[in-house]
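Note that the structure is a prediction, hence the values are computed from the model and not measured. Indexing begins at 1, ligand by ligand and atom by atom, following the structure's order. Any value given below was found using the heavy atoms of this structure, including those in side chains, with hydrogens, waters and symmetry copies removed.
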Amino acid sequence: MTKTDTSVKDLSGRVLAARAETEARGETFYPGASRIHLAAFPPKERWDDWVELDSKSWPKRVERRYALVPTTCFNCESACGLLAYIDKDTQQIRKFEGNPEHPGSRGRNCAKGPATLNQISDPDRILHPLKRVGARGEGQWVQASWDEALNDIAARIRRAIVEERRNEVMYHVGRPGEDGFTERILAAWGIDGHNSHTNICSSSARAGYALWMGIDRPSPDHANADVILLISSHLESGHYFNPHAQRIMEAKQNGAKVIVFDTRMSNTATHADHWLAPYPGSEAAILLAIANHLIQHGRYDREFVRRWWNWAEYMAAEHPQVPHTFEQFERELKQVYREYTFEYAAAESGVEASAIEAIAAVVEKAGTRLSTHTWRSAGSGNLGGWEVSRCLFLLNALAGAIATEGGVYPNAWNKFVPRPIHVSPHPRHWNDLTWPGEYPLAMNEMSFLLPHFLKEGRGRLEVYVTRVYNPVWTNPDGFSWIEMLKDESKVGLHVALTPTWSETAYFADYVLPMGHASERHDIHSYETHDAQWVALRQPVLRALRDRLGDPVDDTRAVNPGEVWEENEFWIELTWRIDPNGDLGIRRYVESVNNPGTKLGVDEYYAYIFEHSVPGLPARAAEAGMTPLEFMRRYGAFEIRKRVGALNEEPVPAGELSGVAEDPFGRVYTTAPKPPLLNVVPLPTPDDDPQGRRPVGVNVDGRVLRGFPTPSGRLEFYSTTLAQWGWGECAIPAYLESHVHRSRMAEDEMPLISTFRLPVHIHTRSANAKWLDEIAHTNPLWLHPSDAARLAVTTGDLVRVFTRTGHFIVKAWVTEGIRPGVVACSHHMGRWKLSDTGNRQMMRTVALKRSGTEWDLETTRLVTPFESADPDTRRIWWADVGVHQNLAFPVQPDPVSGMHCWHQAVRVTKAQPGDRAGDIAVDTQKSHEIFKEWLQLTRGASAYSPDGTRRPYWLLRPLKPARDVYRLARAGQQ
Ligand code: SF4
């Protein structure tokens, strides 16, 4: 019937018409490899056998048949859906594209998603466990077996546990990419050993949000907003980059106005209706000027403020002598912010008052459709940066744009963490190396101070595991990290779990290869919009074997070399720590179906999907699958759309037995907590003195759920800050940054070092050749007026002096930066010590040391090289930028604990002999600066109002048992 082999049932009407026309001309019709016309995505019904033409065989039409298997991207926190295209003939992954079934990313990815292909086929990736020989950091390795590594590590951890040296075991995570698996393993070991990168990343933003609503992240509903106010570059690289960016663009198409604060002209700023380039650190002053405008003109949602702010607590604490009416509060509110005029903000920020006023007018019109977001950016750059997110959220709180369509939700409401098969108890230990007494309000572990704490003799580590983390390169003050890691009296064993070579892995004892996005299991859920979803990252070749009825039970069987996945690794390690179960640890990794045997990942995930994800079993049954089969097949499941305002939900009568109410309407109950499937970590406001748990808040006579804050309301007034020694910051305020003009010398400029490049993450993207070709260097952004003053032009070398040393970098003269400010992206300057390691983005360097003085000098640039991938012969770049973080001292914010990244620098022309990328640092100076910043703290021993180390209600990853919070136990493990 036809000249082609295409069956009629596969063809759409348009294709049939096209075929008729073609055949009428007597030509052979080719319907397209997909057999349908212009499908946006392969329909999921055809994922078993998807046909496409081989691009490299063009102009011949060579068809390739694929099995499409979903997973999620591991290259940033967004966890967008990917579809692996697995060649059915070779069972090799040929590409990654978006998974249209993923509710967060909806089939779209940024460049880093498809570049997963480069990472898995990188000729320099680590394929086998390696053990160092020679001195640590000397760069000599031998291949080890997994058994050897596991037995050694397990024996040391067991010994530390048995000898009650539990605080000597530490796990330090970079990109988590999973919801709580490893925290539960550490809890099972009974250690307070979780360390994260968060205090060099987002702690200040978290602090600002947590102080308001208990929950430390926002979930902006960008798509439905009328006004979007961003303090960072969300469209190009921000938090939840692709899922948020696509929704921001949707809103723009619907007429939303976008306001961007960014001292630098980011790609996001180019899409803005209003772009402000404030002096770094002045952002909160602008936000308060906008807030003051709304307050003075009564342009706020009075009813929302009256019902949901804890204004009554504020009045009782700060204005006890006047009547505690809402009207009186409004009068006080006008008073307290009256000095934040547009002119004041203009003087602080250098932005014209008229521009700030224009923005205030736009914000004023947004009403409850005001979507705002800040994450790293200004919050992470400045002393007091946590006030940036706090003052930004103040605008939402005034507008009533919280948990509204187009507003901002607490992230925990738009996220679902399913209850797992085993729940480990809270550890009964407190680790002062990560949660030191000086920082009782720190949002996360004081991770970047570890070398200084060990230098001061505060402890040692027997086993230190870095996991997808590269503190030598990512953290400030990397030479102090090198000093610490090289000292075996301080770090007994360093294990690097990493898919790729990193600067930190060179100073490990074991380098253990872990999988990329298509080589590992993880479960996750993120606040990409007002909904709840879960997604499964999975080893796609293993999932395909399942689909074909040829299952494997060890992911190493399908991964390249001996690359493993972490779930199986942790289960195995835990088993070997407690092989007989005598420590009570083994039971947390035992099978429930077959007691006494090891838990497998199939059972682990099958349990979660069958028991803990509402709606999934029924949906899977409709599709004729088990819940695990469904997730392996489609990769994601949307549990709930439009979660809405959970604070407004009435507390059911069954939870209101034996209730009591405090003077401000916080309601407590004696009713037991109902069991939850969604175990997303939430703050835990204190019980009342009678031991009743907080259950809601009385709003106009009805007990509503409210927010997980001590008051149950949005905390305009933070009793926590007031009680823990920071009374002057009890309400949202503007704090002068450490790079405030008044603190800078005449010849100093602020250096912005926090911005990302859209195509890179941190360490792991260096192994993606497509991304490297697009971006491989990080010049210093310099305004023409500054360039003229310094007599430099684009491409000239400059010296940038910090307080601990200097680095050499090329200048890029651009009007895209505020005069008097310089900027340098933190993605570049990768290095290696020998030929071992990444060759496309890491230059080879020599580290020279004289006492506490260090130099990093380039010995070989990046050059083309021979490998199985012909593209490595085509590498055309040699300059891979500068590792500026090495020259930054630690600058911990005394409240949030965040490293304040901005630097006060002097920039000069380079000196004779200077070479791009060279760095010099004195770690003694950095230790002195550590001590200077320590003086800013108000520690628990002097300021704790109740004899505890930290407010119990605040979020903490891996929260210890309640009684361990008591300071009386200090010194005990
Ligand atoms: S935004 Fe890009 S890097 Fe991040 S998860 Fe999505 S595709 Fe991956």
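- Both the sub-6.0 Å distance and the 45° axial angle are satisfied by Arg264 relative to the ring of Trp781.
- Taking Arg843 as the reference, nothing meets the salt bridge (Lys or Arg N to Asp or Glu O under 4.0 Å) condition, with sequence neighbours excluded.
- Ring orientation note: the planes of His244 and Tyr240 are nearly perpendicular, at an angle over 60° on the 30°/60° scale.
- The salt bridge (Lys or Arg N to Asp or Glu O under 4.0 Å) check on Arg756 picks up nothing, with sequence neighbours excluded.
- Taking Gln91 as the reference, nothing meets the side chain to side chain donor-acceptor pair (under 3.5 Å) condition, with sequence neighbours excluded.
- In this structure, Arg520 is positioned above the aromatic face of Phe74, its NZ or CZ under 6.0 Å from the six-membered ring centre and within 45° of the axis.
- Counting only protein atoms, the N, O or S atoms lying less than 2.8 Å from atom 6 (Fe) of ligand 1 are Cys80 SG, ordered by chain and residue number.
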